[in-house]
J.: 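Mind having a look at this structure? Questions to follow.
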Amino acid sequence: MAASKRLFHTAADAEIKAGEVCDVYFARTVQILTHRGDRKRVRAEVYVKSLPADWRWGVLAGVEEVAALLEGLPVDVRAMDEGTLFEPYQPVLEIAGVYVDWAQYETALLGLLCQASGIATKAARCKKAAGDRQVISFGARRMHPALAPMIERNAFVGGCDGVAVTKAAELIEADPMGTIPHALVLVVGDTVEALRAFHEVIDPKVRRVALIDTLQDEKFEAIRVAEALGRDLYAVRLDTPSSRRGDFRRILEEVRWELDLRGFEHVKLIASGGIDEYEIARLNPVVDAYGVGTAIANAPVLNFALDITEIEGRPVAKRGKWSGAKDVLRCQACRATVVVPAGRPAGPCPCGGTREALLKPLLEGGRVVRDLPPPRTIREYVLEQLRTAPLDTERRGEGRRDF
Ligand code: PCP
């Protein structure tokens, strides 16, 4: 597409699908090998050597988009199910085919997995920390709008209970979730009047949530809006600016006390602004739901690498990398995972449990050979694994930021 016609600085679907989003050294490698008539068949695998900060596991996401990227290419691909929890040095995907037929897709392939998996993992960490409390993705505004559906789809797949952007909600076949912005309170001029207007105009099935930190002290605004809407008020949201936040938990406890004292125990507390898994663990005793933006939308990417493991059926890999095709076997009982040479029997897990192979055929000869579940099903699979996944929420190294 001629640069002039491009409205936004993003690649179009057709350009990605055509392998044009490619580091030039891959294009030159294809040029050289093609010039030499070199059509060696190569197998390669994707894995991470390490995870961000104190992350013990990652959530694999982006597999559906990788299938769309590679569909039609003469390649065979095995991959873990989307949503599978994995650890460093466990291959999550393997691709095999004549190297010059797929080399130019490495950049896009890794990009699809690295960002989506980072977002899904951060969302899973937040959801694990929040338990049954809702976690809503509020972060699309932190990233290029072309990515908003992808960001929120993977926030949902990772465990978020809902997303704010209408286009993203369509992708996950759910209703968008949101409260009210400070702008509505400022334009109407009063917190209670803003929510009364919301209550008058907006579909009754949408929960009535008052944002109470715009103009006055949260405690008094909470009492006013609760007295105004009574049982129709579902919750109050505190997005208290960092300059006023002091001890946020104390503020929330105070609001809780004052509401309960006046018989408004039904009114829930929603916290947003600078929320991540560490803050969630700290606020859980008093908060019922969270709006998480930057922490998930701007999650660290997972540094997947793609490395050759076999050429023309002969195991070969670069220094620091194990050669040969592999299987990743996970015990269905104790979830212990081993990596073994592909096809080599590994026997039952020492715990006696049955092992299942995580790398399963995804594409054969460029044809997608397995059903790709909808986001809701992938999310349930993630939540099921989160039940036994370890999570350390002692904040280490990550500084706090203003909001
Ligand atoms: C934003 C919005 C989101 C918050 C921030 C996400 O608040 O309400 O919930 O915050 P995070 O990125 O720190 O996680 P504002 O832009 O202050 O408010 P408004 O709701 O008025 O847009």
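By convention here, the first residue in the shown sequence is residue 1. In each ligand, atom 1 is the first atom listed, and ligand 1 is the first ligand listed. From a predicted model like this one, the values you see are computed outputs, not experimental measurements.
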J.: Could you tell me which atoms of ligand 1, counted from 1 in the order shown, lie closer than 4.0 angstrom to a heavy atom of S272?
T.: 9 (O)
J.: Using a 3.5 Å distance criterion without hydrogens, assess whether the side chain of N284 forms a donor-acceptor pair with backbone atoms of A129.
T.: yes
J.: Apply salt bridge (charged side-chain N to carboxylate O under 4.0 Å, His left out) to the pair R344 and D327, showing each step before the final yes or no.
T.: CA-CA 8 Å; R344 187 90 50 93; D327 278 330; over 6 Å; no
J.: Ignoring hydrogens and angles, tell me if any N or O in the side chain of R245 forms a donor-acceptor pair with the backbone of G273 under 3.5 Å.
T.: yes
J.: Under 4.0 Å, heavy-atom basis, I'd like to know which part of D239 is in contact with ligand 1: side chain, backbone, both or neither.
T.: side chain
J.: Please say whether F138 places an N or O atom under 3.5 Å from an N or O atom belonging to ligand 1.
T.: no
J.: Counting each atom of ligand 1 from 1 as listed, which ones have a heavy atom of G273 under 4.0 Å away?
T.: 10 (O), 13 (O)
J.: Between the side chain of E15 and the main-chain N/O of A12, is any donor-acceptor distance below 3.5 Å?
T.: yes
J.: Please indicate whether any nitrogen or oxygen in I180 is less than 3.5 Å from any nitrogen or oxygen in ligand 1.
T.: no
J.: Evaluate salt bridge (charged side-chain N to carboxylate O under 4.0 Å, His left out) for D161 paired with R379, printing each intermediate quantity in order.
T.: CA-CA 9 Å; D161 298 84; R379 179 175 178 272; 2.9 Å; yes
J.: Does A295 come within less than 4.0 angstrom of ligand 1, counting non-hydrogen atoms of the residue?
T.: no
J.: Which atoms of ligand 1 have any heavy atom of G274 under 4.0 Å away?
T.: 11 (P), 13 (O), 14 (O)
J.: Which value, rounded to the nearest 0.5 Å, describes the distance between N154 atom CG and I172 atom CD1?
T.: 10.5 Å
J.: For ligand 1, which part of E279 has a heavy atom less than 4.0 Å away: the side chain, the backbone, both, or neither?
T.: neither
J.: Measure the OG1-CD1 distance between T179 and I136 for me, rounded to the nearest 0.5 Å.
T.: 10.0 Å
J.: Need the ligand 1 atom indices (1-based, order shown) with element for anything under 4.0 Å from a heavy-atom of R237.
T.: 8 (O), 9 (O), 20 (O)
J.: Quick one: look at P181 and ligand 1, take heavy-atom pairs under 4.0 Å, and tell me if it's side chain, backbone, both or neither.
T.: both
